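On a predicted model such as this, the values are computed, not experimentally measured, just so you know. Chain letters run A, B, ... following the sequence lines, proteins first, then strands; residues in each count from 1.
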There are 2 protein chains.
Amino acid sequence: MAAKPRSASKRSQRTKLQPIQEASSEPPLSRERIVAIAVELLDAQGIDGLTMRRLADRLGSGVMSLYWHVDNKEDVFDLALDSVLEHRGSPETGESPDWRGDVVHMLEDWRARMLRHPWSASLLPRRALGPNILSRLEMLSKTLSRAGVADANLNAAIWSLWNYVMGATLTRASFDLSEEDRAAAQQRLTHLSEHYPTIERSRLLLDNDWDGAFRKGLDFLLDGLSPR
Amino acid sequence: MAAKPRSASKRSQRTKLQPIQEASSEPPLSRERIVAIAVELLDAQGIDGLTMRRLADRLGSGVMSLYWHVDNKEDVFDLALDSVLEHRGSPETGESPDWRGDVVHMLEDWRARMLRHPWSASLLPRRALGPNILSRLEMLSKTLSRAGVADANLNAAIWSLWNYVMGATLTRASFDLSEEDRAAAQQRLTHLSEHYPTIERSRLLLDNDWDGAFRKGLDFLLDGLSPR
DNA sequence: CATCGTATGGTACATCGTACTAGTCAAGCG
DNA sequence: CGCTTGACTAGTACGATGTACCATACGATG
């Protein structure tokens, strides 16, 4: 009666030997393979490009076979997101004297990883507390604590940095997707410069130095966070 | 042959008089009515609860009639989002001496509006440069400029605040939706306190004072932004 | 009366996620 | 050896969805 395993791990505990799987075509299905191909598909076709049928096609399997390894499509999204946020805890946990540099480095890596897969930003609005995220939060917490941030401010400080990174990534990803919209917006804006004179003058929407702006804003925030 | 109007305004220019529309049941369709009901539906049923069929039902119209007023479902989402972000430019544009208070007030209003419609956060990842957002950016820009932020830092400052608000709203909305997940996470975390000792100790995931944390983080950021 | 722009809505279709069901194959056991 | 069992694969089918296409209705204008 093949009881469908509960939502948790049903991954092959890889008993003795995998049955040779002659070189014919496809390796056996596995969560890892599903997630990997899902990410490929998302990278290539965007968020709407991922359908269970396409995923199965690319894996050379039947559609319903996926559901043995995965609960549903939501599950695929969650796994794909988590795989993008991968983070191996730095081995030198916390004796570097340059705490600011450490924080900046970790957060820039975080942002860069997500921007390499722009669809990940639009998946953020779902619960996302996988081990990778927790590990990053832990690193933040430890470093800030070490830097002398007061305990009463610690949580607020962590969330501030998290929020900033999420917002910046989201903004960057969505603007990147629609370069022409931005042009159109600036167009409209120039046309309506009577309504929005200040942002028109500062060319807010034409400024393309996203990385620089991210770094600068992060510096503002860290300036404010630094214990005085 | 009834050329379908281009994507722009086809809204009734309300020629002379609407044809009485006897009290039978429904007022005529209009963009405004569609958006209003869409927001109701989204509030009640969440993002997946909005379907064109349901929308038409609630409006007492046929499904395809919607498409006269609206390009497609994406369009409905965009309009709904914009309607949530409504912003009437403050009449006292910029002579208040308390620039910090002005900024905080506007951003808190922004966040509050979005949290009143939690689905709006998950719509953010799309291009969203409607007039309401532009108006808020303009206000930010003007106020910061008045406060003495250097021109070279102005754009970065604006984006920092924007990013922070977006991230904070997104985080808050997604955590709010899954209270039980948070409990489960903290459970898992307590269990794995060896891996995440610092955030376990600071009870990061149990801290419920979102409003306070938002305000505190905003203060950090504004501290860093303030010209020295 | 004829024509046209505005507006409405029914039918139909392709596509989606996935429930249900049946199948295959290897390992364990009598 | 045959039988069972459990891990895994897959075809079929169903209900839901967005929307293209088409027919229609009606007031205003000629």
Side-chain angles (χ1 to χ4, degrees), chain A residues 1-22 24-34 37-38 41 45-78, chain B residues 1-22 24-34 38 41-42 45-78:
Chain A
M1 285 79 180
K4 179 82 179 294
R6 292 299 103 226
S7 58
S9 68
K10 66 207 59 160
R11 317 250 316 285
S12 54
Q13 46 216 45
R14 197 50 73 214
T15 50
K16 296 290 163 53
L17 49 95
Q18 53 260 61
I20 317 174
Q21 184 66 24
E22 67 274 41
S24 67
S25 53
E26 304 295 348
L29 277 181
S30 70
R31 257 175 178 237
E32 288 78 6
R33 243 167 57 75
I34 292 177
I37 303 289
L41 253 173
Q45 319 229 34
I47 207 133
D48 290 330
L50 178 64
T51 71
M52 297 305 269
R53 279 172 238 260
R54 259 204 278 270
L55 190 50
D57 270 2
R58 283 253 226 259
L59 286 160
S61 78
V63 197
M64 293 318 291
S65 308
L66 302 179
Y67 286 88
W68 179 262
H69 303 270
V70 145
D71 284 348
N72 46 42
K73 197 184 179 184
E74 279 287 292
D75 201 15
V76 178
F77 277 134
D78 287 353
Chain B
M1 282 85 183
K4 178 82 179 294
R6 293 300 105 225
S7 58
S9 68
K10 66 206 62 159
R11 314 251 316 286
S12 52
Q13 44 216 49
R14 197 49 73 214
T15 47
K16 296 289 163 53
L17 50 96
Q18 54 260 62
I20 316 174
Q21 185 64 24
E22 66 274 43
S24 65
S25 53
E26 306 294 349
L29 278 181
S30 70
R31 259 175 176 237
E32 288 77 6
R33 242 166 60 76
I34 291 177
L41 253 173
L42 286 164
Q45 319 230 34
I47 207 136
D48 290 330
L50 178 64
T51 72
M52 298 304 269
R53 277 173 242 261
R54 260 204 278 270
L55 190 49
D57 271 1
R58 282 254 227 259
L59 286 160
S61 78
V63 196
M64 294 317 292
S65 308
L66 303 180
Y67 286 87
W68 179 261
H69 303 270
V70 145
D71 284 347
N72 47 40
K73 197 185 179 184
E74 279 287 293
D75 200 15
V76 178
F77 278 134
D78 287 353

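Per the geometry, CD1 belonging to A:I47 stands 15 Å off P belonging to C:dC16, to the nearest Å. In this structure, A:E74 atom CD and C:dG17 atom P are separated by 11 Å, rounded to whole Å. Taking atom CG of residue A:D57 and atom C1' of nucleotide D:dT9, one finds them 15 Å apart after rounding to whole Å. The interatomic distance linking B:N72 (CG) with D:dT17 (C1') rounds to 14 Å, in whole Å. Spacing between atom CZ of B:R33 and atom C1' of C:dA7 amounts to 14 Å, rounded to whole angstrom units. Residue B:W68 contributes atom CH2, which lies 13 Å from atom C1' of D:dC26 at whole-angstrom precision. Look at CG on B:L55: it is 18 Å from P on D:dA16, rounded to the nearest Å.
The residue among A:M64 and A:R54 whose nearest nucleotide of DNA chain C is located toward the 5' end is A:R54. Both A:G62 and B:L50 lie close to DNA chain D; mapped to their nearest nucleotides by heavy-atom distance, the more 5′-ward contact belongs to A:G62.
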Using a cutoff of under 3.5 Å, can you pull out all pairs of nitrogen or oxygen atoms linking the protein to nucleotides 13-15 of chain C, with atom names and distances?
none

I'd like to know whether A:L55 forms a side chain to side chain contact (heavy atoms under 4.5 Å, CB included) with A:K73, so could you lay out the CA-CA distance, the side-chain angles of the two residues, the decisive distance to 0.1 Å, and finally the verdict. CA-CA 11 Å; A:L55 190 50; A:K73 197 184 179 184; over 6 Å; no
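Comparing the local axis fitted to the first five base pairs of the helix from C:dC1-D:dG30 to C:dG30-D:dC1 with the one fitted to its last five gives a bend of 30°, rounded to 10°.
At the phosphate of D:dA7, neither OP1 nor OP2 sits under 4.0 Å from any side-chain N or O atom of A:H69. Within the 4.0 Å cut-off from OP1 or OP2 of D:dT9, not a single side-chain nitrogen or oxygen of A:S65 is found.
Put simply, the side chain of B:V76 does not reach to within 4.5 Å of the side chain of B:L66, judged on heavy atoms.
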